[in-house]
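Right, one structure below, let's go through it.
Just so we're clear, the structure is a prediction, and the values are computed from it rather than from any experiment. Start at 1 with the first residue, then count along the sequence.
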Amino acid sequence: MKRKIVVCLLAGVLGAAMLAGCGKNAEQEQGSLSAEAETETEEATGVAELDYVNVPFDYSAEIEEQMGKVPMQPEAAAIPISVSDANGASGVVLTASSDTANTTDYYLNAYVAGSEIVITPAEGQQIASVSSSVEGKTIEIGEDGTAGVVPEALDANEPADEVITVAMADGTEYKIHTLNELMPDLEVVNNGVAEADKGVYTFSVDHFFLRVNTEGELIYYRNMNCVGESDGKELMAENFAAQDTLDGDRYYSAFVELEPDFRNSNGGFSSGFYLVMDENYQDIDKAVLEANDSENQNHGQGYLDQHEFLVLGEDHYILLSYTPILADNLPDTVEGIDGGNTAYVWTGIIQEVKDGEVVNEVNTADYPLLYESAVEKIDYAGSTLDGIEVAVGENTVFSLADGIMDYVHVNSVDYTLDENGDVDKILVSMRDQCAVYQFDFPTKQIDWILGGKASTLSGYDEYTTTRTDEGKEDAQQQFEALTYGQHFARYTNRNEDGTLTGNPEISIFDNQTGIGPFLTTPTFEGAPTTLTRTFKATIDEDAKTATISDVINGTDLNANGKYHIASHCGSVQYDSDTSVTIGWGLHGVIDNIPPIPQAAQTDANYPDIPLYQGSRPIFTDYNLEDGTISFELTAHRNAKATTSEALFSYRTYKNAD
């Protein structure tokens, strides 16, 4: 629904967020960075007919309406029995077969290994007997008329579907399948994970939330195809993670999309909420960007982006939102609309929320330096809220999001705590800056920048490549890039209490995407290719240097006949010298291939690897010490699946259990 709303100018707010000690680029920018911040919103400049765009924004009404239309589980099959998980796991219902003529076979929508499923007859109905396809297994009916059964473990590589037959008193039989009908086919190569490195991998593929342990067992799944679509556009269900708080509590989180019109043409960011589950996989919260009435950050409720969501404790989160605004604090070094200092941009808002109240937040629009140091989406003068036509392969699509400049594209956030247990530093990866930033969260000051055009650190020249803005050949746009389109950064030396002792040591998933804009395939002869790698960096904050170590080049893993590259997304987790878990994110030219046995073509950069669905793993557990793969999982789309999304998992996480 379109509505007429007032579009206001959001004043640039710097205050304590001024950049200190920024090196050459920052020194050139010092005048604009040290200017007094405006503290009041400018008067309205006009009236525009827009879809869900407002400054200052408040999407509470839209979010409430959209949430009401997005179910967290499908409608249960209309039969005289129902199922539930004994420990309360959400989504455990029976769904009908995709074959509408089949009235006997029904499928679990969610499964928790080792957890009892309770089969309950409808009121007035009676279960006569329950049996299993597993030889020798007996299932008894309790005095209350219900039956409890613990399904057999499922091998992720070759799952044996246990079929539980429920015979009713009237003679009707219903067959319950423990393996969901739409489950992606998982291919596991398990060369043996060291005993000290054993654990569970958490990821999502084709709207399925999945957990597989290092023994190769499927220990959890939940089919989220129920979220459906909005106005014919498929909604995402992504970034499923197991999160252990510093207090030892376990939560699960996952992103659910609400507003597909705000997603860019290549799926680069999304607008929705985060679903939070407890240790028993029971839904307990739906988190959004909370309204903030603090000085200079006044805004209403907002959508969350899928890139990051961190659980610090009960109802205590670090959130990330992309929000369209009209910024009016562009520095003189870049040209805004009509030659001025305004532009429509997607600002990244990083917010800490506890018990529904905003503790603190950082807004990337408060830093004029970031407009100048951006690498992609920097046509500020041409920015518009009206949307533009964008080429996607051989097609042209109208994209509301692409008229707004996605100049930062925050894609990961990590944190440290101070001695009082409060958030102290935040580590922020920004793809369209080709850099990782550390912010002092209380003061909002930028401590240092690793990589990109405004790096404050040195000492890593041997790991750089010469790059340009958005594929331009102008030598003035060149810079020495450490990372290019990187998607993930984490502290690797944080103490058990969340504090950091000494210099930060961080890990980075560096996509090293071939060209900018960050496309999947080269657009001109001789263009750089995507050469994904991971590494650790030790930051000497006094010397202002970064020391690179433990580099893993994806192409070094290609000997097994699969692509280990990611133009977008991805993650890395350095747990030990013998276990580095790498989630391979998205590489569209491969991940959009239909589910066919094998295609005739290959990627020109890797002519020895056939191009087919499943020619790229979802994740790899890599033994850095001896240079071997311990565990690797690849997914293939289920032949019955109807999703239009690419076959990939945004990230992969590994936990001890």
- When you check the side-chain N and O atoms of T443 and D440, is any donor under 3.5 Å from an acceptor? yes
- Test Y407 against every option in W346, Y322, Y371 by the ring pair (Phe, Tyr, Trp, His ring centres under 6.0 Å) rule and name the one that passes. Y371
- Rounded to the nearest 0.5 Å, what separation is found between the CD1 atom of I552 and the CG atom of L624? 5.0 Å
- Task: Go through F619 and F203 one step at a time and tell me if the ring pair (Phe, Tyr, Trp, His ring centres under 6.0 Å) criterion holds.
- Result: CA-CA 9 Å; F619 66 86; F203 57 102; 5.4 Å; yes
- Message: What I want to check is whether the side chains of N280 and Q282 have a donor and an acceptor closer together than 3.5 Å.
- Response: no
- Task: Check whether any side-chain N or O of N655 sits under 3.5 Å from a backbone N or O of D657 as a donor-acceptor pair, and report yes or no.
- Result: no
- Please assess T483 against V436 for the test side chain to side chain contact (heavy atoms under 4.5 Å, CB included), listing each intermediate value before the final yes or no. CA-CA 9 Å; T483 61; V436 175; 5.5 Å; no
- With a 4.5 Å heavy-atom cut-off, do V353 and V359 have their side chains touching? no
- Message: What's the separation between atom CG in D355 and atom CG in D315, rounded to the nearest 0.5 Å?
- Response: 5.0 Å
- Please check if the side chain of N420 supplies one atom and the backbone of D422 the other of a donor-acceptor pair under 3.5 Å. no
- Per the ring pair (Phe, Tyr, Trp, His ring centres under 6.0 Å) rule, which among Y221, Y653, Y220 passes with F240? Y220
- Does the side chain to side chain contact (heavy atoms under 4.5 Å, CB included) test come out yes or no for L246 and L417, once each step is laid out? CA-CA 10 Å; L246 298 177; L417 302 180; 3.3 Å; yes
- F509 vs N511, side chain to side chain contact (heavy atoms under 4.5 Å, CB included): CA-CA, chis, key distance, verdict: CA-CA 6 Å; F509 183 90; N511 300 73; 3.5 Å; yes
- Note on the structure: So CD1 of I508 and CG of L427: to nearest 0.5 Å the spacing works out to 7.5 Å
- Query: Is a side-chain donor or acceptor of S90 paired with a backbone partner of D283 at a separation under 3.5 angstrom?
  - Reply: yes
- Query: Can you find a heavy atom in the side chain of Q66 that is under 4.5 Å from one in the side chain of Y303?
  - Reply: yes
- Query: Does the side chain of Y463 come within less than 4.5 Å of V551's, by heavy atoms?
  - Reply: yes
- Item | Nearest-0.5 Å distance that lies between atom CD in E372 and atom CD in Q433 | 10.0 Å
- Message: Testing H487, H568, H564 one by one against W584 for a ring pair (Phe, Tyr, Trp, His ring centres under 6.0 Å), which residue passes?
- Response: H564
- Message: Under 4.0 Å between a side-chain nitrogen and a carboxylate oxygen: does that hold for D366 and K444?
- Response: no
- Task: Check the pair D447, Q438 against side-chain hydrogen bond (donor to acceptor under 3.5 Å, both in side chains), reporting the backbone distance first and the verdict last.
- Result: CA-CA 5 Å; D447 290 335; Q438 179 174 283; 3.0 Å; yes
- Message: Any donor-acceptor pair under 3.5 Å linking the side-chain atoms of D540 with those of T545?
- Response: no
- Item | Exam field: side chain N495 to backbone D497, donor-acceptor pair closer than 3.5 Å | no
- Message: Between S204 and F208 (side chain of the first, backbone of the second, donor and acceptor by atom type, cut-off under 3.5 Å), is there such a pair?
- Response: no
- Message: Within the 4.5 Å heavy-atom criterion, are H409 and N411 side-chain neighbours or not?
- Response: yes
- Quick one: does NZ or CZ of R222 land under 6.0 Å from the six-membered ring centre of F209, within 45 degrees of the ring axis? no
- Task: Let me see the working for T534 and Y574 under side-chain hydrogen bond (donor to acceptor under 3.5 Å, both in side chains), right down to the final yes or no.
- Result: CA-CA 10 Å; T534 70; Y574 283 82; 2.9 Å; yes
- Message: In the structure I gave you, are the side-chain heavy atoms of V200 and I219 within less than 4.5 Å of one another anywhere?
- Response: yes
- Query: Looking only at atom types and distance, does a side-chain atom of E62 sit under 3.5 Å from a main-chain N or O of E259, one as donor and one as acceptor?
  - Reply: no
- With a 3.5 Å cut-off and no angle check, do the side chains of Q351 and N292 form a donor-acceptor pair? no
- From the list F255, F269, Y650, ring pair (Phe, Tyr, Trp, His ring centres under 6.0 Å) with H307 holds only for Y650
- Between K425 and D414, is there a salt bridge with N-O shorter than 4.0 Å? no
- Item | Intermediate values then yes/no, salt bridge (charged side-chain N to carboxylate O under 4.0 Å, His left out), E376 and R431 | CA-CA 9 Å; E376 186 179 36; R431 184 194 73 182; 3.1 Å; yes
- Geometric cation-pi criterion, R494 with Y415: 6.0 Å, 45°: yes
- Are V580 and I582 close enough that some pair of their side-chain heavy atoms sits under 4.5 Å apart? yes
- Item | Side-chain (N329) to main-chain (A365) donor-acceptor, under 3.5 angstrom | yes
- Which value, rounded to the nearest 0.5 Å, describes the distance between S271 atom OG and D305 atom CG? 7.0 Å
- Any chance you could measure H316, atom NE2, to T245, atom OG1, to the nearest 0.5 Å? 11.0 Å
- Item | Full working for side chain to side chain contact (heavy atoms under 4.5 Å, CB included) between E290 and H299 | CA-CA 9 Å; E290 294 293 346; H299 61 72; over 6 Å; no
- Is it the case that Q306 and R263 place a side-chain donor and acceptor less than 3.5 Å from each other? no
- Task: Check the pair T214 / K654 against side-chain hydrogen bond (donor to acceptor under 3.5 Å, both in side chains), numbers first and verdict last.
- Result: CA-CA 10 Å; T214 48; K654 185 181 180 184; over 6 Å; no
- Message: Could you check whether K377 pairs with D432 (Lys NZ or Arg NE/NH1/NH2 to Asp/Glu carboxylate O, under 4.0 Å)?
- Response: no
- Would you confirm whether S383, through its side chain, and Y344, through its main-chain N or O, come within 3.5 Å as a donor-acceptor pair? yes
- Message: Within the 4.5 Å heavy-atom criterion, are L258 and V70 side-chain neighbours or not?
- Response: yes
- Task: Quick one: do Q243 and Y317 satisfy side-chain hydrogen bond (donor to acceptor under 3.5 Å, both in side chains)? Show the steps, please.
- Result: CA-CA 11 Å; Q243 303 207 40; Y317 314 125; over 6 Å; no
- Between E238 and R651, does at least one N-O distance fall below 4.0 Å, as a salt bridge requires? no
- Parallel, tilted or perpendicular: which describes the rings of F309 and Y274, with under 30° parallel and over 60° perpendicular? parallel
- Query: Is a donor on one side and an acceptor on the other found under 3.5 Å between the side chain of T532 and the backbone of A566?
  - Reply: yes
- Has the side chain of S455 got a donor or acceptor atom that lies under 3.5 Å from a matching backbone atom of L457? yes
- T581 side chain near Y201 side chain, heavy-atom distance below 4.5 Å: yes
- Query: When you check the side-chain N and O atoms of R490 and S507, is any donor under 3.5 Å from an acceptor?
  - Reply: no
- Message: Angle between ring planes, F439 versus Y367, binned at 30° and 60°: parallel, tilted or perpendicular?
- Response: perpendicular
- Message: Quiz question: by atom type and distance under 3.5 Å, do the side chains of Q301 and E64 form a donor-acceptor pair?
- Response: no
